[in-house]
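Input: a single structure, listed below in structure tokens.
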Protein chains: 2
Amino acid sequence: MFSKACEYGIKASIFIALNSYKNVRVSLKSIAKEINSPEAFTAKILQDLVRHHVINSMKGAYGGFEIEKELISTVKLSHIVNAIDGDAIYSGCGLGLHTCDENHPCPVHHKFKSVREELKSMLENTNLEELALNIKSGASFLKV
Amino acid sequence: MFSKACEYGIKASIFIALNSYKNVRVSLKSIAKEINSPEAFTAKILQDLVRHHVINSMKGAYGGFEIEKELISTVKLSHIVNAIDGDAIYSGCGLGLHTCDENHPCPVHHKFKSVREELKSMLENTNLEELALNIKSGASFLKV
DNA sequence: TCAAAATAGGATAAAATTATCCGAATTAAA
DNA sequence: TTTAATTCGGATAATTTTATCCTATTTTGA
Ligand code: FES
Ligand code: FES
């Protein structure tokens, strides 16, 4: 469904959010360890999220990644997915036609559309805060 | 969402079904032309579908691909997707955990599950007959 | 000021997906 | 029986995605 890059991006963001509540900046190394992802590849993805202002980074000793506490609840999954995978999963044609066009629909258009919309609204209505809290409470897990 | 291979496979199957109603066997060449796909790559995918008994093939002059008329309405999108992309899209974890496990859920599990189930039921409840009929009536299109 | 700890970013490599090529095997009609 | 039209299947290539490596740059504390 999502690319590996996007999966890592989502998991990393949740872990960063979790720590940002505790005013702790997390390093690339600890992120990769926590979400079980390749370090250097994860670095690229984090850079991407920084460029898209989903997370913040600080270089140097005692540096790392963070998200402003007040913003955590405003970061939606859709922001992360969009930054990394783009919007094809929302708006692209399920059968790969150049554009999804109501007036020139592919065979699965009407059936596919509702699934895609549900996915879209799910992503747009899920924020990092709730995801981080579920990790904190032990209701969900980032690896294994 | 789906791989290119899967997109081609679905479109090809619909076109084959459409022609099978007219007792016409279609060649690789005409399929690739109709669905706007690379010929040799499409051949591989069709071979795969033949092996999975989604479609039938006949070699030699006047050969080509077909689906038994009586079976067209029994071929579900899920069969095609499963033959080509496997079942990860149904049953895999949205964040790439090794397995999707209710007792060890990833952060998006509960939100993701319903989307995945809707997709699954859509694919399991859509058959080639209805898709072919919509193409026939001009209600939907296989290319451009 | 210097050293250590980080992220940034470019270059490259590995793996997976998508795509192409070509000869072998099969089939039916002439 | 020959020939033309096909699918089949193996080898290979191109592209995209995933992953790694190395150096530069930034930041803080000693
Ligand atoms: S045209 Fe294919 S999903 Fe809309
Ligand atoms: S555990 Fe991730 S979707 Fe179920």
Side-chain angles (χ1 to χ4, degrees), chain A residues 1-13 15-16 19-20 24-33 35-67 81 83-86 88-89 92 95-96, chain B residues 1-13 15-16 19 23-33 35-67 81 83-86 88-89 92 95-96:
Chain A
M1 183 83 91
F2 305 118
S3 67
K4 278 280 165 202
C6 198
E7 291 175 2
Y8 296 152
I10 292 170
K11 288 188 271 194
S13 298
F15 182 62
I16 295 166
N19 281 277
S20 292
V24 173
R25 229 176 256 142
V26 281
S27 69
L28 167 62
K29 192 173 293 192
S30 67
I31 293 170
K33 193 173 175 186
I35 70 174
N36 202 35
S37 66
E39 212 173 295
F41 187 46
T42 305
K44 301 297 182 195
I45 298 157
L46 293 175
Q47 278 174 42
D48 215 16
L49 290 176
V50 168
R51 276 190 291 268
H52 281 85
H53 306 103
V54 173
I55 61 180
N56 291 320
S57 69
M58 181 160 278
K59 279 186 180 181
Y62 295 77
F65 300 88
E66 67 190 340
I67 304 177
V81 172
I84 301 174
D85 279 354
I89 206 167
L95 292 188
Chain B
M1 183 82 91
F2 303 118
S3 66
K4 279 279 166 202
C6 198
E7 291 175 3
Y8 296 152
I10 291 170
K11 289 189 270 194
S13 299
F15 182 62
I16 295 167
N19 282 277
N23 297 303
V24 173
R25 227 176 260 140
V26 281
S27 69
L28 167 63
K29 193 173 292 192
S30 68
I31 293 170
K33 192 173 177 187
I35 71 175
N36 202 35
S37 66
E39 213 173 295
F41 187 47
T42 306
K44 302 296 184 196
I45 298 158
L46 293 175
Q47 279 173 43
D48 215 15
L49 291 176
V50 168
R51 276 190 292 270
H52 280 84
H53 306 102
V54 173
I55 61 180
N56 293 126
S57 69
M58 182 162 277
K59 280 185 178 182
Y62 293 78
F65 300 88
E66 66 189 340
I67 304 178
V81 171
I84 300 173
D85 279 353
I89 205 167
L95 291 188

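These figures come from a predicted structure and were not determined experimentally. Every chain is numbered from 1 and lettered A, B, ... according to where its sequence line falls, protein lines coming before strand lines. Computed from heavy atoms alone, side chains included, the values below leave out hydrogens, waters and symmetry copies.
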Atom pair distance, as rounded to whole Å: [atom1] in [X] and [atom2] in [N]:
X     : N      : atom1 : atom2 : result
B/I84 : C/dT18 : CD1   : C1'   : 13 Å
B/I31 : D/dA5  : CD1   : P     : 18 Å
A/L46 : C/dA6  : CG    : P     : 15 Å
B/F65 : C/dT26 : CZ    : C1'   : 13 Å
B/I16 : D/dT6  : CD1   : C1'   : 14 Å
A/E39 : C/dA5  : CD    : P     : 14 Å
A/N36 : D/dA19 : CG    : P     : 11 Å
A/I45 : C/dG9  : CD1   : P     : 15 Å

Can you tell me how far apart [atom1] ([X]) and [atom2] ([Y]) are? Round to the nearest 0.5 Å.
X     : Y     : atom1 : atom2 : result
B/R51 : B/L46 : CZ    : CG    : 10.5 Å
B/I31 : B/I55 : CD1   : CD1   : 6.5 Å
A/F65 : A/N19 : CZ    : CG    : 13.0 Å

If you compare all heavy atoms of [X] against all heavy atoms of [Y], which two are closest, and at what distance to 0.1 Å?
X     : Y     : value
A/I89 : A/M1  : CD1-O, 3.6 Å
A/T42 : A/P38 : OG1-O, 2.6 Å
B/A83 : B/L49 : CB-CD2, 4.1 Å
A/F15 : A/S30 : CE2-O, 3.9 Å

For [X], all residues meeting side chain to side chain contact (heavy atoms under 4.5 Å, CB included), sequence neighbours excluded:
X     : value
A/K4  : A/E7, A/Y8
A/K29 : A/S27, A/E39
B/S3  : B/A5, B/C6, B/I84, B/D85

Please produce a list of atom pairs where a protein N or O lies less than 3.5 Å from an N or O of nucleotides 27-30 of chain C.
residue: C/dT27; atom: O2; partner: B/A61; partner atom: N; Å: 2.8

Any A/S27 side-chain nitrogen or oxygen under 4.0 Å from OP1 or OP2 of C/dA5: no
Below 4.0 Å: OP1/OP2 of D/dT6 and any side-chain N or O of B/S57: no
Donor-acceptor pair, side chain of B/D48 and main chain of B/K44, under 3.5 angstrom: no
DNA chain D contacts among residues 47-56 of chain B, heavy-atom distance under 4.0 Å: B/Q47, B/R51
Kindly give the atom pairs (protein nitrogen or oxygen, nucleotide nitrogen or oxygen) under 3.5 Å for nucleotides 11-18 of chain D.
residue: D/dT18; atom: OP1; partner: A/K4; partner atom: N; Å: 3.0

